[in-house]
Protein chains: 2
Amino acid sequence: MRLTRAAEYAIRCMLYLSRQGQGVLTSRQEIAQQADIPTHFLAKIAQDLAKAGLIEIRQGARGGFILRKNPAAITLLEVVETMIGEISLNDCIARPAGCKVSYHCAVHRVWLDARDQLRNTLRQVNFEQLITDASCFLPSLHMPLEPKRLETIVSSRTDPQ
Amino acid sequence: MRLTRAAEYAIRCMLYLSRQGQGVLTSRQEIAQQADIPTHFLAKIAQDLAKAGLIEIRQGARGGFILRKNPAAITLLEVVETMIGEISLNDCIARPAGCKVSYHCAVHRVWLDARDQLRNTLRQVNFEQLITDASCFLPSLHMPLEPKRLETIVSSRTDPQ
DNA sequence: AATATATGAGACCTTATTAATCCTATTTAT
DNA sequence: ATAAATAGGATTAATAAGGTCTCATATATT
Ligand code: SF4
Ligand code: SF4
């Protein structure tokens with residue numbers, strides 16, 4: 001498992017869209033600029049996000065991306081695995097055939113457990129929490145969530161460049 | 001973070017040595033063959049393990065590697081991080097300067113927590129456990145648990161000072 | 001001492017993956 | 001029709017991993 005640049009960018013993109021709010025259209029250029037993502041790279045990433053049903057892509061003049069789900073319903077795990085595939089710490093988890101002994105390997109079991117634990121942790125984090133300052137900490141590991149902050153929906157209308 | 005081939009090989013090497021027992025000398029060739037590791041690659045890996053104090057390397061005719069610590073005192077985390085450095089899931093954890101917003105980034109906190117959790121999990125696993133649970137070696141080359149080839153055991157000159 | 005054996009240490013090459021860009025086609029508002 | 005914006009695939013560039021090679025060094029054996 002490796003958190004690639006593409007995955008990191010995808011998270012930033014989803015963060016930005018979550019701040020805009022569900023259903024708000026934002027141009028690719030604006031997201032790229034605000035979230036510090038190479039525009040062409042973002043285009044490719046968005047295709048994966050769209051394929052996963054997370055965003056809708058509006059083509060043509062005044063096109064852009066639209067968040068399709070409620071931020072609270074989008075987990076960090078979901079976005080990460082959309083970009084890098086199902087998480088597995090050691091290759092032998094993803095492709096057991098790669099190692100001849102995986103069937104009776106004690107270490108294999110450890111990687112499996114650690115993988116599950118990591119995935120569960122990332123599943124507990126949603127984008128509603130992430131756009132709220134107080135949720136910098138994992139609920140289970142730190143403190144309970146504070147009441148959510150009122151989101152400020154920014155108009156999709158942005159001046160060209 | 002990525003579990004490289006080198007790290008996986010290091011684990012297998014340490015597993016094999018743990019089965020041999022602390023203080024037992026085993027040739028690089030034997031380990032490479034039994035644990036399915038390219039011999040020259042193992043040589044490089046062993047240097048890192050030696051630098052970390054996990055094994056001792058005996059040069060010259062009838063040379064090889066010797067486990068320096070009790071298997072129960074060696075954690076999986078220790079071996080993994082010897083090979084790939086301190087675990088961090090996202091680059092911004094290892095190099096916060098890489099992202100301009102890490103200081104006030106909620107996602108950053110999640111990666112930190114997940115990282116700590118993963119490290120703790122791997123820290124709880126030691127090689128005593130791993131060798132009693134199951135074998136990690138090729139079935140055809142599978143060796144019994146009891147020490148073999150007693151004549152290769154170096155006379156108790158294993159004073160770890 | 002001479003020889004054979006085995007590893008040390010690092011340079012080197014080869015391949016794989018990631019990151020980013022480029023180009024043409026397509027879609028849509030005006 | 002035109003301009004604005006993304007689609008989608010091809011291509012390139014950069015980085016990292018995986019493995020190999022060579023010469024130096026150490027040790028047991030004779
Ligand atoms: S030895 Fe065990 S942990 Fe290593 S690759 Fe094989 S199955 Fe996985
Ligand atoms: S945006 Fe947050 S998680 Fe992403 S690289 Fe920056 S600090 Fe890390």
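Per chain, numbering begins at 1; letters A, B, ... match sequence-line order.
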Side-chain contact check for B:Arg5: nearest option of D:dT6, C:dT7, D:dG18 is D:dG18
Gap between atoms CZ and P, on B:Arg95 and D:dT15 respectively (whole Å): 12 Å
Among D:dA17, C:dT21, D:dG19, the one nearest B:Phe41 by side-chain distance: D:dG19
Partners passing side chain to side chain donor-acceptor pair (under 3.5 Å) against A:Asp113 (at least two apart in sequence or in another chain): A:Arg109
Anything under 3.5 Å between a protein N or O and an N or O of nucleotides 26-30 of chain D, put it in a table, one pair a line.
from: D:dT27; atom 1: O2; to: B:Ala61; atom 2: N; distance (Å): 3.2

Working to the nearest 0.5 Å, report the span between CD of B:Glu30 and OG1 of B:Thr39. 13.5 Å
Rounded to whole Å, how long is the line connecting atom CG of A:Asp36 with atom P of C:dA19? 15 Å
In whole angstroms, the gap separating P of C:dT18 from CD of A:Glu8 amounts to 16 Å
Between C1' on C:dT7 and CG on B:Asp48, what's the gap in Å once rounded to a whole number? 15 Å
Within the 3.5 Å criterion, strictly below it, is a donor on B:Thr121 or A:Gln117 matched to an acceptor on the partner's side chain? yes
Determine the contact category for A:Gln47: base if any of its heavy atoms lies under 4.0 Å from a base atom, sugar-phosphate if only primed atoms, P, OP1 or OP2 are that close, otherwise nothing. base
Looking at every strand, decide which applies to A:Ala46 at a 4.0 Å heavy-atom threshold: base, sugar-phosphate, or nothing. nothing
Nearest 0.5 Å, please: how far is CD in A:Gln124 from OG1 in A:Thr75? 10.5 Å
Measure from CG on A:Leu42 to C1' on D:dA5 and round the result to the nearest Å. 13 Å
Separation of atom CG in A:Leu49 from atom P in D:dG8, rounded to whole Å: 13 Å
Comparing A:Thr4 with A:His40, nearest DNA chain C nucleotide closer to 5' gives the residue A:Thr4
If you check the A:Tyr9 side chain, which of C:dA20, D:dT6, D:dG8 turns out closest? C:dA20
A:Glu30 atom CD is separated from D:dA5 atom P, nearest whole Å, by 12 Å
Before you tell me yes or no, could you show the steps for A:Arg58 and A:Glu56 under salt bridge (charged side-chain N to carboxylate O under 4.0 Å, His left out), namely the whole-Å CA-CA distance, both residues' side-chain angles and the distance that decides it to 0.1 Å? CA-CA 6 Å; A:Arg58 196 68 63 79; A:Glu56 178 190 326; 3.2 Å; yes
In Å and rounded to the nearest 0.5 Å, what is the CD1 to CE distance from B:Ile45 to B:Met14? 12.5 Å
Any carboxylate oxygen within less than 4.0 angstrom of a Lys/Arg side-chain nitrogen, looking at B:Lys69 and B:Glu78? yes
When rounded to whole Å, the CD1 to C1' distance for the pair B:Ile45 and C:dT7 reads 15 Å
Per the atom types in the model, does the base of D:dG9 pair as donor or acceptor with the side chain of A:Lys44 at under 3.5 Å? no
If you only use heavy atoms from C-beta on, which nucleotide in C:dT21, D:dT6, D:dA17 is closest to the side chain of A:Arg28? D:dT6
